[in-house]
Amino acid sequence: MGYLHYKGYTGCIDYDEDGNYFYGSVLGLKRDGISFEGESVDELKKDFQDGIDDYLAHCKENGKEPEKPFSGKTVIRIGSQLHQAAALKAQNLGISLNDFIKRAISAAVL
């Protein structure tokens, strides 16, 4: 699985062997859906970018704020014991629980 990036949006790519084409959708959108496809990588990229451009133009024409993927806010459920342990560790480090969680996630994915 691969990814495309354009104007702050990320598309997840897959391949259909039976149909012999690439397809995908934009990640991180809860309200609006954007999908794209192509028989070649160039077609796929063009359809992805055209889909984003069309979406942004449609929002502008209708006075609607485009949905931003990955707002930076998330709700996690980790259980009370882990929540307590993380809060105590953050307090011992002299940082907020939010900063502690950001550091932990950054260390895991970057």
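In this structure, the separation between CZ on F70 and OG1 on T74 is 10.5 Å, given to the nearest 0.5 Å. Distance check: F100 CZ to N92 CG gives 10.0 Å after rounding to the nearest 0.5 Å. Remark: Y6 OH to Q49 CD distance equals 5.0 Å, nearest 0.5 Å. With values rounded to the nearest 0.5 angstrom, Q91 atom CD is found 12.0 Å from S96 atom OG. One finds the OG atom of S106 at 11.5 Å from the CD1 atom of I101 (value rounded to the nearest 0.5 Å).
Across every non-hydrogen atom of Y9 and P66, the tightest pair is OH-CB, 3.9 Å. Pairing each heavy atom of R31 with each of Y55, the nearest pair is NH2-OH, 4.1 Å. Taking each heavy atom of G8 and P69 in turn, the nearest pair found is O-CG, 3.4 Å. G11 and F36 get closest at one heavy-atom pair: CA-CZ, 3.9 Å.
Classified by interplanar angle (parallel below 30°, tilted 30° to 60°, perpendicular above 60°), the ring pair Y15/F22 is tilted.
Only one option out of V41, L44, V26 pairs with L4 in a side chain to side chain contact (heavy atoms under 4.5 Å, CB included); it is L44.
Tracing side-chain contacts under 4.5 Å through hydrophobic residues (I, L, V, M, F, W, Y), one never reaches V75 starting from L27; they form parts of separate clusters. A chain of hydrophobic side-chain contacts below 4.5 Å, direct or via other Ile, Leu, Val, Met, Phe, Trp or Tyr residues, connects L97 to I78. Under the 4.5 Å side-chain heavy-atom criterion for Ile, Leu, Val, Met, Phe, Trp and Tyr, L56 and F48 are members of the same hydrophobic cluster. Both L82 and I76 are part of a single hydrophobic cluster, where members link through side-chain heavy atoms under 4.5 Å apart.
Residue pairs meeting the salt bridge (Lys or Arg N to Asp or Glu O under 4.0 Å) criterion with at least one member in residues 83-99, sequence neighbours excluded: D99-K102. Within the structure, salt bridge (Lys or Arg N to Asp or Glu O under 4.0 Å) pairs that include any residue of residues 51-70 comprise K7-D53, D32-K64 (at least two apart or interchain). Within the structure, every pair that satisfies the salt bridge (Lys or Arg N to Asp or Glu O under 4.0 Å) test and touches residues 42-52, not counting sequence neighbours, is listed here: K46-D50.
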May I have the step-by-step check of side chain to side chain contact (heavy atoms under 4.5 Å, CB included) for S35 and Y23, ending in yes or no? CA-CA 8 Å; S35 60; Y23 66 95; over 6 Å; no
